[in-house]
Amino acid sequence: MPEHPVLRTNEVHVWRATLSSGREGIAAFWSVLAANERQRANSFHFERDRERFIVARGILRTLLGRYLSVKPEQLCFGYTHFGKPALSDTTGAGGLRFNLSHSGEVALFAFAQGRELGVDIEQVQEDFDALRLAEQFFSVSEAATLLALPAEAQGLAFFNCWTRKEAYIKAIGEGLSHPLNCFDVSLTPGEEATLLCHRNDPNETLRWKIRELSPGNGYAAAIAVEGNDWHLSAMQWSD
């Protein structure tokens, strides 16, 4: 990977990484974490979850450090009222925005200049009640669309919907405090990802663009980015 990747204002970069790492790799990532990140890592009950958190945060710091030409351990994070991470003003990040998500062994890291964004990845599961969860969390229209699909397509459709909604609410910085049933996204497999409507603010459909991502078999993912005048570059982490 480039030592100092260049991110232009009309670009969005998404890096895919696997979170499995040997002892030396985990130790190296641990060394760049801040005290509060180490405390959070140690709060995980299972070692697998702790190691995945360490690797994900270590890769995030490494990538940010390369974009900004700053040592990873020197980066300082702040958090919004709803918990969305951002670089502190003292870091000299300018307009750099970022977001990350991980599920199972795969993580996605998204970066943009001067525009908000959110990314989400989920490991697709088959043994769960998609219709019941859709009726609980999705809009009436989305639940009806899901119900109308063949049974074999409902699992992927559910995760298409979930990742697109998660990406959007992460991009606007409100997380799950923003009701999932007040806006609609496309979900049918093979259909273009999009924000269809927002009942509280119709202009949101013009402000945000949602794209489906392809992180690998068994996963669904999406990114939501502010504006329409950007193109996506997908990259694989290796170090």
Side-chain angles (χ1 to χ4, degrees), residues 1-34 37-38 40-41 44 46-77 84-87 91 93-113 115-124 159 163 166-167 170-171 193 210-225 230-239:
M1 62 174 290
E3 188 65 27
H4 299 291
V6 177
L7 180 61
R8 298 176 176 84
T9 55
N10 65 340
E11 293 179 328
V12 174
H13 290 181
V14 175
W15 294 83
R16 178 191 183 278
T18 56
L19 297 180
S20 57
S21 185
R23 292 297 173 188
E24 290 185 5
I26 293 171
F29 288 132
W30 177 264
S31 70
V32 304
L33 300 187
E37 290 171 317
R38 294 180 179 182
R40 184 175 172 187
F44 287 99
F46 296 105
E47 183 178 8
R48 179 188 63 183
D49 296 330
R50 183 178 71 88
E51 291 180 349
R52 287 175 177 173
F53 175 83
I54 293 169
V55 173
R57 280 304 179 112
I59 292 175
L60 173 64
R61 282 182 168 272
T62 302
L63 285 170
L64 285 169
R66 293 186 180 184
Y67 278 110
L68 298 170
S69 298
V70 174
K71 292 182 178 180
E73 61 270 24
Q74 294 178 338
L75 295 169
C76 295
F77 296 110
K84 184 178 182 179
L87 289 165
T91 305
L96 184 64
R97 303 286 189 270
F98 69 92
N99 203 237
L100 74 153
S101 179
H102 57 89
S103 180
E105 286 286 337
V106 181
L108 297 177
F109 306 83
F111 303 90
Q113 284 283 4
R115 61 179 81 228
E116 297 297 337
L117 76 172
V119 67
D120 189 60
I121 180 172
E122 300 291 341
Q123 196 166 16
V124 175
F159 283 101
T163 54
E166 278 279 339
K170 290 175 71 176
I210 297 177
R211 286 275 302 272
E212 180 180 0
L213 302 175
S214 301
N217 291 334
Y219 289 90
I223 187 169
V225 183
W230 55 272
H231 65 269
L232 181 69
S233 295
M235 290 163 280
Q236 177 67 40
W237 162 269
S238 62
D239 201 29

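Scope of the values below: all heavy atoms of this structure, side chains included, with no hydrogens, waters or symmetry mates.
For the pair Ala222 and Ala167, the tightest heavy-atom approach, listed with the atom from each and the gap, is O-CB, 3.6 Å. Nearest heavy-atom pair, Ala220 versus Val124, reported as atom, atom and distance to 0.1 Å: N-CG2, 3.8 Å. Closest approach of Ala41 to Trp30, counting heavy atoms only: CB-CZ3, 4.0 Å. Scanning all heavy atoms of the two residues, the minimum distance from Glu11 to Val6 falls at OE1-O, 3.6 Å. For the pair Phe53 and Glu37, the tightest heavy-atom approach, listed with the atom from each and the gap, is CE2-O, 3.3 Å. When every heavy atom of Phe109 is checked against every heavy atom of Ala17, the shortest pair comes out as CE1-CB, 3.9 Å.
Checking Glu105, Glu47, His102 one by one against Arg52, the side chain to side chain donor-acceptor pair (under 3.5 Å) holds for a single residue, Glu105.
A distance-only check finds a donor-acceptor pair linking the side chain of Ser103 to the backbone of Gln123 [under 3.5 Å]. Within the 3.5 Å criterion, the main-chain N or O of Ala224 finds no donor-acceptor partner in the side chain of Lys170. Of the possible polar contacts, none joining the Thr163 side chain to the Asp120 backbone as a donor-acceptor pair under 3.5 Å is found. Of the possible polar contacts, one joining the Arg61 side chain to the Leu75 backbone as a donor-acceptor pair under 3.5 Å is found. Counting only distance, with no hydrogens or angles, the side chain of Lys84 and the backbone of Ala171 share a donor-acceptor pair below 3.5 Å. Between the Arg57 side chain and the Val32 main chain, no donor and acceptor come within less than 3.5 Å of each other. Side chain of Arg16 to backbone of Val106: no donor-acceptor contact under 3.5 angstrom is found. At distances below 3.5 Å, not a single donor-acceptor pair connects side-chain atoms of Glu51 with backbone N or O atoms of Ile26. Between the side chain of Asn99 and the backbone N or O of Ala110, no donor-acceptor pair lies under 3.5 Å.
When the shell of 6.0 Å around CZ of Arg48 is examined, it contains 12 or fewer heavy atoms from other residues, nucleotides or ligands.
Considering only heavy atoms from C-beta on, Phe29 stays 4.5 Å or farther from Pro72 through its side chain. Leu60 places a side-chain heavy atom less than 4.5 Å from the side chain of Phe77. Using a 4.5 Å heavy-atom cutoff, the side chains of Leu232 and Val225 are not in contact.
Expressed to the nearest 0.5 Å, how far CZ of Arg115 lies from CZ of Arg97 amounts to 11.0 Å. The OG1 atom of Thr18 sits 10.5 Å away from the CH2 atom of Trp237 when rounded to the nearest 0.5 Å. The CZ atom of Arg38 sits 11.5 Å away from atom CZ of Arg50, with the distance rounded to the nearest 0.5 Å. Here the CH2 atom belonging to Trp230 is positioned 5.5 Å from the CD1 atom belonging to Ile223, to the nearest 0.5 angstrom. The NE2 atom of His231 lies 8.0 Å from the CZ atom of Arg8; values are rounded to the nearest 0.5 Å. The structure places CZ of Phe111 at 4.5 Å from CG of Leu64, a figure rounded to the nearest 0.5 Å.
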*Verdict with reasoning, Gln113 to Leu96, per side chain to side chain contact (heavy atoms under 4.5 Å, CB included)*: CA-CA 5 Å; Gln113 284 283 4; Leu96 184 64; 4.3 Å; yes
Worked verdict on Leu213 versus Ile121 for side chain to side chain contact (heavy atoms under 4.5 Å, CB included): CA-CA 9 Å; Leu213 302 175; Ile121 180 172; over 6 Å; no
Go through Leu100 and Ile59 one step at a time and tell me if the side chain to side chain contact (heavy atoms under 4.5 Å, CB included) criterion holds.
-> CA-CA 10 Å; Leu100 74 153; Ile59 292 175; over 6 Å; no
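Note on ring orientation: taking the six-membered ring where Trp is involved, the planes of Tyr67 and Trp15 are perpendicular (angle over 60°, cut-offs 30° and 60°).
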